[in-house]
There are 2 protein chains.
Amino acid sequence: MREPLPPDMFEELCPSGLVPIRFGDKWAGLVLACLRTGPRRYSELRVPLARVTPRVLTRSLRALERDGMITRTVEQSPPRVEYRLTPLGHSLMELYATVCDWTARHWDELLDAREAYDAEHAEATAR
Amino acid sequence: MREPLPPDMFEELCPSGLVPIRFGDKWAGLVLACLRTGPRRYSELRVPLARVTPRVLTRSLRALERDGMITRTVEQSPPRVEYRLTPLGHSLMELYATVCDWTARHWDELLDAREAYDAEHAEATAR
DNA sequence: CAGAATCCGCCCGGATACTG
DNA sequence: CAGTATCCGGGCGGATTCTG
């Protein structure tokens with residue numbers, strides 16, 4: 001006996017692109033982690049995130065700013081731009097940490113499953 | 001005084017594409033939700049996920065299977081394919097639920113921030 | 001210093017049509 | 001029934017070069 005699904009549960013549903021905000025962004029989690037202990041300037045973010053090109057980093061920052069996760073404050077003399085977590089961003093960062101924690105705890109399981117699956121399908125195409 | 005970042009924290013880091021597994025997949029969360037109360041056949045999944053084309057649904061299912069989140073069992077006479085959550089998949093589903101919960105609780109905040117940001121930048125380009 | 005401009009390749013989501 | 005085959009458009013990540 002199968003339990004029925006709510007009939008209209010998925011009528012106006014939010015796909016993953018909407019629901020887990022910023023979790024589709026490749027570098028957003030790392031940006032949040034960089035800002036966890038305090039505000040950082042653009043060039044300070046570029047050091048730990050050296051593998052991210054300026055174009056990509058800027059876009060991630062803008063997206064996080066648009067969603068109210070970080071603030072961007074400009075001041076001249078000296079010219080500097082400072083990024084800082086908002087309370088909302090801090091909350092997201094903590095959620096993100098729980099996700100990373102989950103991943104770390106189940107990482108081996110996942111790798112094993114992936115390896116088994118790939119082995120299974122390699123022989124299927126090899127034969 | 002800024003707290004320093006761990007120097008090699010991001011040397012071999014995992015970007016978001018790896019860490020929050022399946023969270024980049026647009027429909028994965030809904031698939032997990034559909035399988036929460038028990039196993040479902042392919043055609044049973046297609047009903048609530050009517051907006052997802054077979055090609056896309058199949059790919060999501062394969063990806064989830066590869067990562068050990070669901071199992072796919074085939075039996076003929078009658079011809080049927082059954083998808084079922086693994087314990088790991090169940091665990092991921094619960095994590096996903098907490099993410100959705102967080103989103104629901106902060107959704108208004110996010111929309112407000114987004115609206116304010118867009119308004120701010122609309123006048124910048126209009127001028 | 002903090003990006004912007006330009007260009008590119010890839011993958012993903014989607015639509016449509018077809019099949020063992 | 002449970003997919004596969006083909007094609008398409010868009011967006012994202014990335015590399016490189018340039019600028020107020």
Side-chain angles (χ1 to χ4, degrees), chain A residues 2 10 13-31 34-35 39-67 70-84 121 124-125, chain B residues 2 10 13-31 34-35 39-67 70-84 121 124-125:
Chain A
R2 295 161 192 276
F10 301 96
L13 47 75
C14 297
S16 300
L18 295 176
V19 174
I21 311 121
R22 298 287 89 224
F23 281 17
D25 187 308
K26 187 168 180 179
W27 303 105
L30 259 36
V31 171
C34 286
L35 296 176
R40 304 272 162 192
R41 295 170 52 199
Y42 185 80
S43 51
E44 288 178 310
L45 289 171
R46 291 222 58 199
V47 175
L49 299 172
R51 303 189 322 179
V52 190
T53 59
R55 179 184 187 321
V56 173
L57 178 58
T58 297
R59 198 178 22 172
S60 285
L61 289 169
R62 292 288 139 84
L64 286 168
E65 186 194 0
R66 185 169 109 99
D67 286 356
I70 63 177
T71 59
R72 175 177 177 274
T73 54
V74 186
E75 44 198 305
Q76 50 268 58
S77 58
R80 45 167 60 219
V81 176
E82 195 173 68
Y83 292 94
R84 182 190 305 261
H121 282 72
T125 51
Chain B
R2 297 160 191 276
F10 302 97
L13 48 74
C14 297
S16 300
L18 295 176
V19 174
I21 312 122
R22 300 286 87 228
F23 281 18
D25 187 309
K26 185 169 180 180
W27 302 104
L30 260 34
V31 171
C34 285
L35 296 175
R40 303 272 161 191
R41 294 170 52 198
Y42 185 80
S43 51
E44 288 179 310
L45 289 172
R46 292 223 57 200
V47 175
L49 299 172
R51 301 189 325 180
V52 191
T53 60
R55 182 190 188 308
V56 173
L57 178 58
T58 297
R59 199 180 21 174
S60 285
L61 289 168
R62 290 291 139 81
L64 285 168
E65 185 194 0
R66 186 170 109 97
D67 286 354
I70 64 177
T71 58
R72 174 178 177 273
T73 54
V74 186
E75 44 199 307
Q76 49 268 58
S77 58
R80 44 168 59 221
V81 176
E82 196 174 68
Y83 292 95
R84 182 189 304 259
H121 282 74
T125 50

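The sequence lines fix the lettering, A, B, ..., with proteins before strands; numbering per chain opens at 1.
Between L57(A) atom CG and dG13(D) atom C1' there is a gap of 13 Å when expressed in whole angstrom units. The nearest whole Å value for the distance from the CZ atom in R59(B) to the C1' atom in dC10(C) is 13 Å. Rounding to whole angstrom units, NZ of residue K26(B) and P of dC12(D) are separated by 12 Å. Rounded to whole angstrom, the span from the OH atom of Y83(B) across to the C1' atom of dC1(D) amounts to 11 Å. For L64(A) and dC12(D), the CG to C1' distance is 15 Å, given to the nearest whole Å. With rounding to whole Å, R51(A) atom CZ is found 20 Å from dC12(D) atom P. In this structure, L61(A) atom CG and dA4(C) atom P are separated by 11 Å, rounded to whole Å. R40(B) places its CZ atom 13 Å from the P atom of dA2(D), with the value rounded to the nearest Å.
With T53(B) as reference, V56(B) is the one residue of L57(B), L49(B), V56(B) to meet the side-chain contact (heavy atoms from CB on, under 4.5 Å) rule.
Two residues, V52(B) and T58(A), neighbour DNA chain C, and the one matched to the more 5' nucleotide by heavy-atom proximity is T58(A).
Between the side chain of R55(A) and the base of dT16(D), no donor-acceptor pair under 3.5 Å is found.
In summary, E82(A) and R84(A) engage in a salt bridge, as defined by a charged side-chain N under 4.0 Å from a carboxylate O.
For P54(B), whose side chain is taken as the heavy atoms from C-beta onward, the closest listed nucleotide among dG14(C), dA2(C), dT4(D) is dT4(D). In this structure, of dA2(D), dG13(C), dG14(D), it is dA2(D) that holds the atom nearest to the side chain of Y42(B). When each of dA2(D), dT16(D), dT4(D) is scored by its nearest atom to the side-chain atoms of R62(B), the top-ranked nucleotide is dT4(D). Taking only side-chain atoms of R72(B), from C-beta outward, the nucleotide of dG3(D), dG13(C), dA2(C) with the closest atom is dG3(D).
When side chains are defined from C-beta on, P54(B) counts as touching Y42(B), because their heavy atoms get closer than 4.5 Å. At a threshold of 4.5 Å between non-hydrogen side-chain atoms, the residues V52(A) and L30(A) do not count as touching.
Between R41(B) and dG3(D) there is no side-chain N or O to OP1 or OP2 distance below 4.0 Å. In this structure, R46(A) does not reach the dA2(C) phosphate: none of its side-chain N or O atoms is under 4.0 Å from OP1 or OP2. Contact annotation: W27(B) reaches the phosphate of dG14(C) (side-chain N/O to OP1 or OP2, under 4.0 Å). In this model, the phosphate group of dA2(D) is approached by a side-chain N or O of S43(B) to a distance below 4.0 Å at OP1 or OP2.
Using a 4.0 Å heavy-atom cutoff across all strands shown, V81(A) reaches sugar-phosphate atoms only and no base atom.
Across R72(B) and V81(B), no two heavy atoms sit closer than the pair CG-CG1, 3.7 Å.
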